Amino acid sequence: MYTPILIASFISSINAAAIISRSQSYPLSQCSALGPQTTLTIGNNVVAPDGYSRSATLVNGEFPVPLISAQKGDNFSILVANELTDTSMYTVTSVHWHGIYQNGTSIVTQCPIAQNQSYLQSFSAQNQAGTYWYHSHYSVQYCDGNVADSTLINGLGRYAGGPMSYLAVINVEQGKRYYMRLVSMSCDPNFLFSIDGHNMTVIEADGQLTNPLEVDQLQRVNVTLLPDTANASFVGGTNSAILRYQGAPQVEPTTVNTTSTNPLVETNLHALINPSAPGVPEYGAVDINLNLAVSIDNGIFYVNNVSFAAPTVPVLLQILSGAQDASELMPNGSVIILEANKVVELTLSTTGVGGPHPIHMFGHSFSVVQSAGNSSFNYANPVRRDVVSAGSLGQQMVIRWVTDNSDPWFLHCGFAVVMAESLSDTRAHMNPVPDAWDQLCRSFENRLHGDDRVFLEEYPEANRGAKPLFDAIQRKREGRGEITGRASKNGRPEVRASASR
């Protein structure tokens with residue numbers, strides 16, 4: 001199976017260009033571009049982008065889904081309406097604005113959006129400009145609950161043994177420079193992207209500008225491409241799209257995928273603006289030092305020997321109800337409280353198999369002062385991003401950031417912890433609690449089934465919304481036990497653009 005996924009690109013200039021991929025033999029429907037004030041309707045329909053028909057989760061009935069574009073500094077007001085009907089999949093949802101310093105994460109900052117309900121996401125992207133994306137953040141809905149059988153590039157692909165279905169085509173002219181926004185939205189596979197016979201210049205990573213760096217193979221970054229060569233393999237077309245020069249025949253490529261000689265190495269990436277890492281340029285010389293060891297046992301991830309168990313009450317709701325320290329926050333052992341305006345240095349080591357793991361932090365971009373598999377430290381001009389590889393067995397990575405964005409934020413991959421930043425500031429900026437946010441929990445809890453009903457037996461106040469729930473949680477904390485938490489995952493030949501797995 002393939003994974004239906006969502007992409008959003010935020011541009012800082014009205015003259016910025018996007019490449020719309022299409023084939024003259026099979027015009028790929030250009031996704032409509034939405035503005036910062038819009039509606040996203042989450043629903044189901046049957047699609048077959050790799051030749052296999054099946055029900056999928058779509059946005060506004062489109063696949064690929066709508067692009068959202070905005071100007072730097074715009075305020076966003078996006079109504080997310082849940083019209084999911086296929087009960088063979090999840091019928092509740094939430095939306096995470098990946099890389100934007102904003103909430104929207106179920107179990108951490110809000111309850112999910114129940115079936116036939118809607119929620120208005122209002123936020124500002126502050127001074128952010130670049131390429132980001134949006135996806136579900138409810139359980140494994142983003143992964144579609146399946147292991148993928150095919151790779152889709154711009155919504156089209158093929159699977160082994162399947163039909164020769166259409167592939168996405170990027171049309172270019174020789175000598176023109178193109179700005180390509182690359183996002184790996186896979187839930188599980190690790191992709192290495194290349195274009196046969198071409199180099200690319202990296203200029204942005206995770207929405208952060210970098211010094212230009214020429215490579216021939218890379219991962220989630222933005223690049224410029226100058227089509228000027230045609231010596232490149234294309235066998236079967238799996239994991240592939242087509243880069244077609246103007247005037248080239250409307251046929252599939254015959255290029256050969258050669259071994260990379262200049263792949264992207266993270267330590268060669270350097271932040272373009274204010275490049276130095278915060279704090280004293282010395283390992284450990286910060287306000288807060290964190291050390292996390294990730295391990296895996298029988299398919300379960302542990303951080304410092306604690307496995308994350310999704311709480312029945314969102315962490316933000318617990319904070320607003322009066323929690324003062326980590327011992328009062330669930331899931332127990334998985335919430336780290338951080339003071340405001342402190343420099344934090346996190347060392348994360350991998351002691352189990354299954355890597356490399358991409359680690360994503362919500363609410364911040366961080367400086368990668370030590371990349372996994374590299375022994376050197378760089379405090380002068382490290383790359384700044386919001387996703388970093390934790391490496392493989394026996395490796396470590398080190399990152400730094402400043403706690404200047406109060407709220408509880410996820411740090412996760414297969415494992416998870418919550419960084420609860422400045423509890424007092426969080427309570428201040430969330431006062432009063434928005435009524436719509438209050439309604440989310442009420443609607444969601446009314447639609448729970450099975451074991452989740454235990455929550456309502458313990459906290460029947462949830463049926464009346466988040467505000468009555470505050471008092472119930474506080475009463476329980478003050479004398480009648482702890483909050484519970486339970487586990488819930490010109491004629492030039494055409495060449496190929498590929499993503500190897």
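Model, not experiment: these values are computed from the prediction.
- In this structure, Phe308 has its ring center closer than 6.0 angstrom to the ring center of Phe410.
- Considering Asn262, Val202, Val265 as possible partners of Leu218, the one that fulfils the side-chain contact (heavy atoms from CB on, under 4.5 Å) test is Val202.
- Within a 6.0 Å sphere centred on CG of Asn127, heavy atoms belonging to other residues, nucleotides or ligands number 12 at most.
- Ring centroids of His412 and Phe362 are separated by less than 6.0 Å, placing the two rings close together.
- When all heavy atoms of Thr93 and Ser136 are compared, the pair lying nearest together is OG1-OG, 3.9 Å.
- Ring-plane geometry between Tyr138 and Phe444 is classed as perpendicular, the angle between the planes exceeding 60 degrees on a 0 to 90 degree scale with a lower cut at 30.
- Residues Ile107 and Ala310 approach most closely at CD1-CB, 3.8 Å, considering heavy atoms.
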Derivation and outcome, side-chain contact (heavy atoms from CB on, under 4.5 Å), residues Gln121 and Gln110 = CA-CA 11 Å; Gln121 298 273 10; Gln110 66 179 62; 3.7 Å; yes

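- The aromatic rings of His135 and His96 sit perpendicular, their planes meeting at an angle over 60°, well past the 30° parallel limit.
- No more than 12 heavy atoms of other residues, nucleotides or ligands lie within 6.0 Å of CD in Glu339, so this atom counts as exposed by the packing criterion.
- Ser69 and Pro36 get closest at one heavy-atom pair: O-CD, 3.7 Å.
- Residues Cys111 and Ser106 approach most closely at C-CB, 4.5 Å, considering heavy atoms.
- Closest non-hydrogen pair, Val387 versus Phe366, comes out as N-CZ, 3.7 Å.
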